[in-house]
Amino acid sequence: MAAARRLKRVAASQPGFLTLKPSLNPSDLVSGRRKRVNKNKKKNWNKHSDINDVEEFLEDVRHQERTTGGLLSEKSDDSLFFLDIGQPKKAEQKVEEPVETKKRKGKASRPLRIDLILQHDSLIPPAKDVLAYQQPNAKKLRRIAQKAEQLAAKGVVPRRQRQLLNRRPVDRTAKKSATEANNNPDREYYDIWGQESKESADPWYLQQTGKKHVKRPEKLNEKPSVLPAVEVIAPGGSYNPDFLSHQALLQEAHDVEVKKQKQEDKLERQLAFNKEDKATEETVLREQVEGLVEEENEEEEAAANDDEEEVAVGAIALAEKKTERQRKRERAEKIKEQQRLANRKQTDQQQQLFQLRSIKASIKQREQKTKANQIKRKAKQEAQKSQPRRLGKLKFQPQDLEVQLSNELAGSLRQLKPEGSILKDRFKSLQKRNLIEPRDRAKFKRRLKVKYVEKRAFKEIT
Amino acid sequence: MGGLQKKKFERGAATNYITRNRARKKLMLSLPDFRRLCILKGIYPHEPKHKKKVNKGSTAPRTFYLMKDIRFLLHEPIVGKFREYKIFVRKLKKAYGKTEWSTVERLRENKPTYKLDHIIKERYPSFIDALRDIDDALCMCFLFSTFARTGKCHVQTIQLCRRLSVEWMNYVIASRSLRKVFISIKGIYYQAEVMGQLITWLVPYQFSHDHPTDVDYRVMATFTEFYTTLLGFVNFRLYHSLNLLYPPKLDAKTQSELKEEDEEDYAMDSESYIEKLSALSASLARVVSSADEEDAELDQFPVEGEDMEKMEAREKEQKQQEAQRKMFQGLKFFLNREVPRESLAFVIRCFGGEVSWDKSICIGSTYDVTDETITHHIVDRPNIDKQYINRYYIQPQWVYDCVNAKILLPVEDYFIGVTLPPHLSPFVEEKEGDYVPPEKLKIMALQRGEKPANEQEEDNDEEEEEDEDDEEEEEEDDNADEEEDDEEEAEEKNLKEMEDKRSQGKSLQVKVTPGKVKVENPARLEQEEKAEEKRLAIMMMKKKEKYLYDKIMFGKKRKVREANKLAAKRKAHDDAEKAKKKKARK
């Protein structure tokens, strides 16, 4: 509405509708046959009245506004024209040029074309969004603020603030201590063995609610191995060892290595095969033609086998039936044999009376043997106690002996190079004392296969 | 015969054991959690006697636990915590996935944790039980405290381990209970006697970082978690037994001495206290400030006869030990920058010495190099530019060897640039007849109070002399048993000669010589009597016993022979070395 009003005002102030465009000629509009139309209907007004001139005028005004930010006629002369005083001095130009070239070199200084296109090129300021400045309940809020100011001047604190001030600070530290981690470096200790545990609550209640501490079975306090927790290295492992003890340690390490080597050699020997058994071209060829050449022979053999089987089957069927007499005789013989054996047993027992001494001796011998076996077994069990047990899939593998060769020994403490790792030593010690089972590191297993694809960029090169 | 058919594997060994997987399912825990629980509760796998019976006929290798142990685990409150933790992780993951940061924060604040205190009390009902099992804990704590603070394990764990190990070292210093030290190629072994228990632990060298790949760090961390709790409680108790303040405090007197203006160079304020503690140079504050030296005297009981002797012997021993504990008392040490500071400071302070180092090495140094009262300067380099006249310049091995020998050894063998005598292991205890290295014999002689002969002579000669001495001594020691036999044989020979002569009869020269008063040596007589008794006893032996006796004696002699052989070998080696040296000198 406001725009239309302004346009009217503009139109009135312009005498004789002076337009910018010279091509516009009013005589063109009048030329041609005149059409008669009823002008009592609004529809016809719109259809047949010629409003081009008005529209063009308005277009022109908009154009002026867009490009110059207002109507040219309203602008002052200073803003439209300037005084031409000829070319500026050459010296100044020269100074400016290198700067310009430099600027051109840097591509970043020139805006992209795409940005230029998107730039807002109209000089009309955007319409003011009235709603953005409006505030709901503005009046009410203003009143409240005024009242608060008045109260503050009097020294009255509002209720909300009073509540905030009165609130107790949150006890953060107490909560922290409740959820303190086990490895907190500043954690506190107390006398755990001094105080007697006091169970104030009813034991029946504790038991029923599952809060009662169950007594630890005595047997669990036995150690699974008799080995000491820290096994001190042999005297040869000193940083500056005595000659002979060092030699002894070296010998020990040597023995271990020899044993390992022997085992490897044994495996190699077992895996070895006769060189003559190796596949030659001839044998390979024979294998390939196997069954193609010698077919006929095999068939004959197969036929022979069939015959034999038939004969065997017939033999089983030919078992004869025994006669009554034969049966009787067999039974009598059986009884007779039994009687003979019984007699024999009796005489033997009678004879044993005279063999008492030798029997005694043999019993004594047997007892001695069992005793010896018992002792041996006990000794073995004792020895077993210090041995690592078989606790899982893997057997315990002792650690390599830490040894420094004679030429590796350091002359002084400063030059000493530590051997082995204590972490590993501790780990192996735990395994050796049966506290944990020997275990392999879990292998990473891929669930799905990885597909190998050659990338295109890579393909071009290769 | 009626009744139901007996089913297999429903009684006996098969019901006493349970496989690991079944146990895990019974407890409703994941495998890592189960493993952790077992370590914390001290429940270890078992090897059944008859695997096939236990494994229901299969011979596949499996890990078995005792059924009773697992049933015991069912009552553990920590199991619930483990489950809670699992749920906590799940919730946290979900919150992260949904980028709900407030939820994440709330969850983190309420992270479920657990305490191991009740498990400690349960596994070690008395303090001595805990002390017996402290070796492992010490090794673990000292090891973890040397780890770099990156990856591998929590920084907090490392800090806690460092704190506990420093506390332990300070306790050992305050109680003067260190007994043995052994510098090996692996690390340094220490042995202390705390409340009658011998405690051995192994300390790695500084900066020897080697992270083996075949060690399960999770298992080790679990053990450490348990052991740190244990060691903390043990430390508390030990400190209180000495009337020391438990979170250890430096003595007010020494603290004022230690005040320096350049403290900030070493550590932040929060860390400087523990750093000062770990410097080990200052003594600790006591609950009741008492006199510096308190001599606990044995109670005197009225005793008679044999007990009296025993008491005296015990008192003498006590005095000797007391003297050993104050071995370095009054000596002032200065550590050069190339020697292992912590270990030496610990050992020297354990025996009452004063120790200091250069200000630039570590916090807590008490005096300078220029101090005139320094008696021993510990150096580990071939030569040193500026030397003071009134102090010994010695190599670090001297300190350790003194501790093991329990006396102050002569410093001559340990001067700068001198080839050191071997560092012998104090953990070896030789039985009678075993080979004893000559260096140890020398030390033993020193302990008895004998002085090595001809000290004033030239270096080279002296060495030879001593070696010979040693050899002789060895011979004597080794042949102690043989001597008796030899004597007997000699006597018999004499008798035989006499008899022979008598049998020849006539040719006996008859001569009267002035008689000599036979000097009777009572000691000698006694010895002879004893030998005679022994011989008679041997004669009276039954055949079977005699056989056994001969066997034992043969074994002993064989041992002696072997020892002699080793000694000869050693001598040959020494001679060869000497010859080489002489050649080199020429």
Side-chain angles (χ1 to χ4, degrees), chain A residues 175 179-185 187-194 197 210 213-214 216-217 220-221 224 228-230 232-235 237-245 389-393 402 404 411-414 416 418-427 430 434-437 439 441, chain B residues 42-45 47 61 63 68-69 72 75 111 113 116-117 120-122 126-127 135-136 139-140 143 154 156-157 159-160 163 183-187 189 200-202 204-205 208 210 212 214-215 219-220 225 232-233 236-237 338 380 395-396 420 422-425 427-428 437 439 566 570 573:
Chain A
K175 203 167 191 189
T179 60
E180 191 179 72
N182 251 332
N183 58 0
N184 181 16
R187 64 168 292 186
E188 302 219 327
Y189 295 100
Y190 54 92
D191 194 358
I192 199 171
W193 291 285
S197 59
H213 275 200
V214 177
R216 186 181 173 87
L220 275 181
N221 288 337
V230 182
V232 181
I233 196 169
S238 162
Y239 93 101
N240 179 14
D242 174 38
F243 171 69
L244 285 173
S245 48
R389 317 310 307 263
R390 178 76 185 262
L391 293 175
K393 232 187 242 174
E402 284 98 355
Q404 280 189 337
S412 72
L413 199 53
R414 175 171 50 93
L416 170 68
E419 191 76 18
S421 153
I422 292 186
L423 186 69
K424 195 167 177 189
D425 171 67
R426 296 318 305 159
F427 190 61
L430 292 174
N434 301 328
L435 300 187
I436 48 177
E437 72 271 21
R439 214 152 52 88
R441 196 181 172 142
Chain B
I43 283 166
Y44 309 117
E47 188 189 24
T63 309
K68 272 185 185 168
D69 296 357
F72 170 63
H75 297 286
K111 184 177 172 183
T113 52
L116 298 175
D117 303 4
I120 301 272
K121 184 80 200 274
E122 178 189 292
S126 72
F127 175 57
D135 293 17
D136 255 331
C139 282
M140 231 37 148
L143 175 64
H154 288 286
Q156 286 197 319
T157 309
Q159 279 172 343
L160 182 61
R163 173 194 151 190
I183 319 171
S184 77
I185 49 176
K186 239 193 225 177
Y189 289 91
T200 317
W201 72 97
L202 174 58
Y205 289 111
S208 61
D210 176 27
D214 49 353
V215 171
V219 166
M220 296 305 263
E225 187 184 1
F233 287 121
F236 184 93
R237 183 82 179 217
E338 71 272 6
D380 198 1
Q395 300 193 37
L420 291 166
H423 177 65
L424 301 170
S425 169
F427 292 94
V428 182
E439 289 81 10
L566 281 175
R570 164 78 190 210
H573 172 73

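Letters go in sequence order (proteins before strands), and every chain restarts at 1. Just so we're clear, the structure is a prediction, and the values are computed from it rather than from any experiment.
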Subject >> Test item: B/T200 side-chain N/O and A/V230 main-chain N/O as donor-acceptor pair under 3.5 Å >> reply: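 No, the answer is negative, given that no donor and acceptor are paired below the 3.5 Å cut-off.
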Original post:
Just by modelled atom types, is the A/R414 backbone N or O under 3.5 Å from a matching donor or acceptor in the B/D380 side chain?
Top reply: yes
Original post:
Do the side chains of A/L430 and B/M220 get nearer than 4.5 Å, heavy atoms only?
Top reply: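 Yes, close enough: below the 4.5 Å cut-off.
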Original post:
Hey, does B/D117 have a side-chain heavy atom less than 4.5 Å from the side chain of A/Y190?
Top reply: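 In contact.
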Chain B contact via [X] - which portion, at a heavy-atom distance below 4.5 Å:
X      : answer
A/P224 : side chain
A/I233 : both
A/N434 : backbone
A/R441 : side chain
A/R439 : side chain

Closest approach of [X] and [Y], non-hydrogen atoms and distance?
X      : Y      : answer
B/P437 : A/D242 : CB-OD2, 3.4 Å
B/L160 : A/Y189 : CD1-OH, 4.0 Å
B/T63  : A/L391 : OG1-O, 3.0 Å
A/P418 : B/Y205 : CG-CD1, 3.7 Å

**OP:** Check the angle between the aromatic planes of A/Y239 and B/H423 and answer parallel, tilted or perpendicular using the 30° and 60° thresholds.
**Re:**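 A/Y239 and B/H423: tilted rings.
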Original post:
Which of the residues B/P212, B/P396, B/S425 is involved in the greatest number of heavy-atom pairs with chain A at under 4.5 angstrom?
Top reply: B/P212
Subject >> B/P45 versus chain A, the contacting section by heavy-atom distance below 4.5 Å >> reply: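 Looking at B/P45, backbone and side chain both touch chain A.
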Original post:
Are the charged groups of A/R390 and B/E47 less than 4.0 angstrom apart, N to O?
Top reply: no
